[in-house]
Amino acid sequence: MSSRLHSLVIETLGRRIVSGELAPGATMFSERLEEELGVSRSVAREAVRVLQSLGLVETVKRVGIRVLPRERWNVFDPSVIRWRLADAGKGAQLRSLTELRAAVEPAAAELAAQHSPEDIAAELLAVAARMRKLGRAGDLQGFLELDIHFHALVLAASGNEMFAQMESMIAEVLRGRTDYGLMPTHPHEEALQLHVDVANAIQSGQPEAAREAMDKIMRRTVAEVESVWRDEPRVFG
């Protein structure tokens with residue numbers, strides 16, 4: 001029960017901050033949080049510590065819990081990503097993540113073709129084949145889980161531990177596309193084939209082909225969802 005309450009407080013406050021309901025500079029008090037959310041002092045304090053680690057709030061002595069501006073947020077954290085994708089401004093978040101993926105994943109595929117262990121390369125081929133089967137069948141949920149696994153495998157196969165750490169971040173944006181109706185009912189046949197092409201290139205040790213196929217996947221992704229962020233302003237500085 002304590003764990004569930006702890007998670008509920010984090011989710012509630014995190015969403016309020018990210019949505020702007022709690023604006024930067026707003027001050028909260030632990031006692032009021034305990035009363036409003038019906039939790040103990042220890043649960044409230046631990047939740048605030050988590051939000052502090054995400055850069056959403058800071059505790060100021062004799063002032064209270066102050067909400068921090070967006071430039072202080074840990075925008076790579078999966079929870080922050082999930083909350084931003086659930087907000088009205090999800091287009092800007094989706095754009096940032098898609099542009100980051102487009103920069104990183106082709107490079108990861110190229111490295112994977114050079115360095116992937118045989119077992120990961122073989123698993124990639126198997127996952128790509130299952131993705132094609134489920135995609136053609138219109139099993140979006142099953143396809144989503146395989147898609148998440150496929151991209152995590154490519155990142156891991158690169159042998160770059162920093163790329164590999166992006167796994168959970170990319171999983172959130174893939175889930176977000178499906179949860180918010182930004183995926184076609186049946187993935188395009190070309191997209192299904194491109195995942196197979198990436199896997200084949202990695203297994204056969206063809207770096208340029210792996211990069212090119214992954215780049216095409218990302219360009220298709222941009223084409224499919226860019227309408228969501230077309231009118232969203234960019235953040236500079």
Side-chain angles (χ1 to χ4, degrees), residues 1-101 103-104 144 148 152 161-162 164-183 225 227-237:
M1 177 64 74
S2 175
S3 177
R4 288 200 299 273
L5 287 174
H6 173 253
S7 297
L8 177 62
V9 174
I10 294 170
E11 285 287 320
T12 299
L13 296 179
R15 288 177 182 271
R16 287 181 183 176
I17 293 168
V18 167
S19 69
E21 180 183 341
L22 288 171
T27 302
M28 300 177 285
F29 300 95
S30 183
E31 296 81 2
R32 292 183 186 174
L33 290 177
E34 294 162 25
E35 181 179 351
E36 177 190 354
L37 301 175
V39 296
S40 67
R41 179 172 299 180
S42 62
V43 168
R45 284 180 175 175
E46 182 55 33
V48 168
R49 279 195 285 269
V50 172
L51 295 174
Q52 281 183 288
S53 74
L54 300 180
L56 299 183
V57 301
E58 65 180 355
T59 302
V60 183
K61 191 173 183 180
R62 292 192 293 274
V63 173
I65 304 158
R66 180 183 293 156
V67 177
L68 295 175
R70 181 175 300 181
E71 55 264 27
R72 298 282 297 276
W73 299 353
N74 178 1
V75 294
F76 292 97
D77 185 87
S79 294
V80 176
I81 290 170
R82 184 174 68 255
W83 297 329
R84 294 182 73 188
L85 286 173
D87 184 51
K90 62 177 174 286
Q93 171 70 120
L94 189 60
R95 177 182 60 207
S96 296
L97 288 165
T98 303
E99 290 174 348
L100 180 62
R101 291 184 62 201
V104 169
L144 169 64
I148 289 171
E161 76 281 4
M162 298 187 79
Q165 285 293 315
M166 294 177 62
E167 171 190 352
S168 56
M169 179 185 70
I170 290 174
E172 287 299 336
V173 70
L174 290 173
R175 288 193 184 98
R177 281 192 65 193
T178 299
D179 292 347
Y180 298 107
L182 302 175
M183 279 287 289
V225 298
S227 61
V228 177
W229 64 64
R230 188 167 292 133
D231 299 323
E232 292 286 345
R234 287 182 175 269
V235 176
F236 297 93

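Heavy atoms only: backbone and side chains are in, while hydrogens, waters and symmetry mates are out.
- One finds the CD atom of Glu58 at 9.5 Å from the OG1 atom of Thr27 (value rounded to the nearest 0.5 Å).
- Note that CG of Leu182 and NZ of Lys90 are 7.0 Å apart. Values are rounded to the nearest 0.5 Å.
- For the atom pair OG1 of Thr59 and CE of Met28, the computed distance is 8.5 Å after rounding to the nearest 0.5 Å.
- When side chains are defined from C-beta on, Leu174 counts as touching Arg101, because their heavy atoms get closer than 4.5 Å.
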Q: Check the pair Ser30, Glu34 against side chain to side chain donor-acceptor pair (under 3.5 Å), reporting the backbone distance first and the verdict last.
A: CA-CA 6 Å; Ser30 183; Glu34 294 162 25; 3.0 Å; yes
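- When all heavy atoms of Val57 and Val67 are compared, the pair lying nearest together is CG1-CA, 4.3 Å.
- The shortest side-chain heavy-atom distance between Leu100 and Met166 falls under the 4.5 Å cut-off.
- A salt bridge does not link Arg84 to Glu232: none of the charged side-chain nitrogens sits closer than 4.0 Å to a carboxylate oxygen.
- Summarising the geometry of Val63 relative to Phe29, their closest heavy-atom pair is O-CE2, 3.0 Å, with the distance given to 0.1 Å.
- The local environment of CZ in Arg32 is sparse, with at most 12 non-hydrogen atoms from other residues, nucleotides or ligands closer than 6.0 Å.
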Q: Decide yes or no on side-chain contact (heavy atoms from CB on, under 4.5 Å) for Arg234 and Arg95, but give the supporting numbers first.
A: CA-CA 9 Å; Arg234 287 182 175 269; Arg95 177 182 60 207; 3.5 Å; yes
Q: Start with the C-alpha distance between Gln93 and Trp229, add both sets of side-chain angles, then the distance that settles side chain to side chain donor-acceptor pair (under 3.5 Å), and finish with yes or no.
A: CA-CA 8 Å; Gln93 171 70 120; Trp229 64 64; over 6 Å; no
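- Put simply, the side chain of Gln165 does not reach to within 4.5 Å of the side chain of Met162, judged on heavy atoms.
- The neighbour count for Gln52 CD, taken as heavy atoms of other residues, nucleotides or ligands under 6.0 Å away, is above 12.
- Asp77 places none of its side-chain heavy atoms less than 4.5 Å from the side chain of Trp83.
- In this structure, CG in Leu5 is found 10.0 Å from OG in Ser42, a value given to the nearest 0.5 Å.
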Q | Leu8 vs Leu37, side-chain contact (heavy atoms from CB on, under 4.5 Å): CA-CA, chis, key distance, verdict | A | CA-CA 9 Å; Leu8 177 62; Leu37 301 175; over 6 Å; no
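- Between the side chain of Ser19 and the main chain of Arg16, a donor-acceptor pair closer than 3.5 Å is present.
- Side-chain contact between Leu94 and Arg177: present, with at least one pair of heavy atoms (C-beta onward) separated by less than 4.5 Å.
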(Q) What verdict does the side-chain contact (heavy atoms from CB on, under 4.5 Å) test give for Leu144 and Met183, after you've listed the backbone C-alpha separation in whole Å, the side-chain angles of each residue and the deciding distance to 0.1 Å? (A) CA-CA 10 Å; Leu144 169 64; Met183 279 287 289; over 6 Å; no
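- Leu97 is not listed as a side-chain neighbour of Glu172, based on a closest heavy-atom distance of 4.5 Å or more.
- How far CD1 of Ile17 is from CZ of Arg70: 12.5 Å, rounded to the nearest 0.5 Å.
- Side chain of Trp73 to main chain of Leu68: a donor-acceptor pair is present (N/O by atom type, distance under 3.5 Å, no hydrogens or angles).
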Q: Go through Ile148 and Ile170 one step at a time and tell me if the side-chain contact (heavy atoms from CB on, under 4.5 Å) criterion holds.
A: CA-CA 8 Å; Ile148 289 171; Ile170 290 174; over 6 Å; no
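- Looking only at side-chain heavy atoms (C-beta outward), His6 and Val50 come within less than 4.5 Å of each other.
- Here the side chains of Val9 and Leu33 are not in contact, with every heavy-atom distance at 4.5 Å or above.
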